[in-house]
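Structure below; questions to follow.
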There are 2 protein chains.
Amino acid sequence: MKDGKETARRIERKLKEAGLRPTRQRLDLAGLLFADGERHVTAEMLHAEAHRHKMSVSLATVYNTLNQFAAAGLLREVAIEGTKTYFDTTISDHQHFYFEHDGTLIDLEPDEEVAVAVQKVPEGMKVARIDVLIRLVPDE
Amino acid sequence: MKDGKETARRIERKLKEAGLRPTRQRLDLAGLLFADGERHVTAEMLHAEAHRHKMSVSLATVYNTLNQFAAAGLLREVAIEGTKTYFDTTISDHQHFYFEHDGTLIDLEPDEEVAVAVQKVPEGMKVARIDVLIRLVPDE
DNA sequence: ATTAATGCAAAATCTTTGCACTTTC
DNA sequence: GAAAGTGCAAAGATTTTGCATTAAT
């Protein structure tokens, strides 16, 4: 965990640059999301976490905030099958390990990444992004 | 479209081999799904299609059937972000093109596939499968 | 006959929305 | 004070479930 004041300032700047007003709720949630390192959360998870930290935010606001952050490019939605929507704090191009036995998701380190190169793309289309999800199960 | 009788027999065999009783609803739905070629459907879509073909199936049964087929290995769930669950009639290892502007999903031909090789896998884990989704947007 | 599948409606989930109130600029 | 954000509860959307009825073995 980084120094509190530095982080708070950095986060406020981040929101302003994204054109989002730095309200208390957004600062609180961004504080949890961007404190340090990668994070993969659902709205439910983040709401529970905020509660544990005695932050006052409604679940609807958590949903709205995650969607706004994603629209602003601060977060990225991750496609995992199933009903819940995951958001990833790492927005640069990267890949994921998905632990099927417990539903955990982690980023691959850049040096672990799989190289992908598309040969042919349908007429009139171009590649926007390539999602790679490596599904893991316990060995043996 | 293949010959009707041949297809019907093939499908009935398919269900039996999967340990599923060949009921009218399952035969109807399997008939739509496995008539020929790849298909990517949601429960909603398949239910609507069944209706158009004057087949009588409830939406709940479509859901149940898709889940049973997937559990039996006849279909594969595809992870696309968003709320709806897609099922794919191609169950072998393969990759997808996803057209972001209209939500269409198609399989890559084997010769278009991207080679992926994972270097390091977390301790005690092994790769079950690698999902590759190539996101396309209109050119320019 | 026995066992499994279906249909319906009801419930359970997850997510978005409408609107009065509050906060930020 | 104007514009934007929040909270709550209500509505939406998707999916699952309980149970009586029907169909398959």
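Just so it is clear: chains get the letters A, B, ... in the order the sequence lines come, proteins before strands, and each one is counted from 1.
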**OP:** Go through DNA chain D in 5' to 3' direction and return only the first and the last nucleotide with some atom under 4.0 Å of chain B's heavy atoms.
**Re:** dT14(D) to dT25(D)

**OP:** Apply salt bridge (charged side-chain N to carboxylate O under 4.0 Å, His left out) to R39(A) and list each qualifying residue two or more places apart in sequence or on a separate chain.
**Re:**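 R39(A): salt bridge (charged side-chain N to carboxylate O under 4.0 Å, His left out) contacts with E49(A).
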
Original post:
Starting at the 5' end of DNA chain C and moving along, which residue's nearest nucleotide shows up first, A43(A) or Q25(B)?
Top reply: Q25(B)

**OP:** For the pair F97(B) and F99(B), name the ring-plane relationship: parallel under 30°, tilted 30 to 60°, perpendicular over 60°.
**Re:** tilted

Subject >> Non-neighbouring partners of H53(A) that pass ring pair (Phe, Tyr, Trp, His ring centres under 6.0 Å), sequence neighbours left out >> reply: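 Expected list: none.
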
Original post:
Who passes side chain to side chain contact (heavy atoms under 4.5 Å, CB included) against K120(B), sequence neighbours left out?
Top reply: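 Applying side chain to side chain contact (heavy atoms under 4.5 Å, CB included) to K120(B) gives D111(A), E112(A).
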
Subject >> Single-linkage hydrophobic cluster, 4.5 Å side-chain cutoff, L59(A) and L46(A) together >> reply: no

**OP:** Check G103(B) against Y98(B) and note the closest heavy-atom contact, atom names and distance.
**Re:** O-CE1, 3.6 Å

Subject >> Heavy-atom donor-acceptor pair, R26(B) side chain to R21(B) backbone, under 3.5 Å >> reply: yes

Original post:
With a 4.0 Å cut-off on heavy atoms, is T42(A) in touch with a base, just the backbone sugar-phosphate, or nothing at all?
Top reply: nothing

Original post:
In degrees, rounded to 10°, what is the bend between the two ends of the helix from dA1(C)-dT25(D) to dC25(C)-dG1(D), using five pairs at each?
Top reply: 30°

**OP:** List for me each residue that meets ring pair (Phe, Tyr, Trp, His ring centres under 6.0 Å) alongside H96(B), sequence neighbours excluded, and say none if there are none.
**Re:**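 Here the qualifying residues are H40(B), H94(B).
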
Nucleotide N/O of nucleotides 23-25 of chain C paired with protein N/O under 3.5 Å:
unit_1: dT24(C); atom_1: O2; unit_2: R21(A); atom_2: NH1; d: 3.1

Subject >> Sequence-distant partners of E17(A), salt bridge (charged side-chain N to carboxylate O under 4.0 Å, His left out), two or more places apart >> reply: none

Original post:
What are the residues of residues 46-69 of chain B, sorted by number, that bring a heavy atom to within less than 4.0 Å of DNA chain D?
Top reply: A60(B), Y63(B), N64(B), N67(B)

Subject >> With sequence neighbours excluded, residues passing salt bridge (charged side-chain N to carboxylate O under 4.0 Å, His left out) with E38(A) >> reply: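 None.
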
Original post:
Are any of the side-chain heavy atoms of R129(A) and L133(B) separated by less than 4.5 Å?
Top reply: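 Result no, sub-4.5 Å side-chain heavy-atom pair not found.
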
**OP:** Under the side chain to side chain contact (heavy atoms under 4.5 Å, CB included) rule, collect the residues that match up with V137(B), sequence neighbours excluded.
**Re:** K126(A), A128(A), E100(B)

Original post:
Expressed in angstrom and rounded to an integer, what is the separation of K84(B) atom NZ from dT15(C) atom C1'?
Top reply: 14 Å

Original post:
With sequence neighbours left out, what residues match E81(A) under salt bridge (charged side-chain N to carboxylate O under 4.0 Å, His left out)?
Top reply: R135(A)

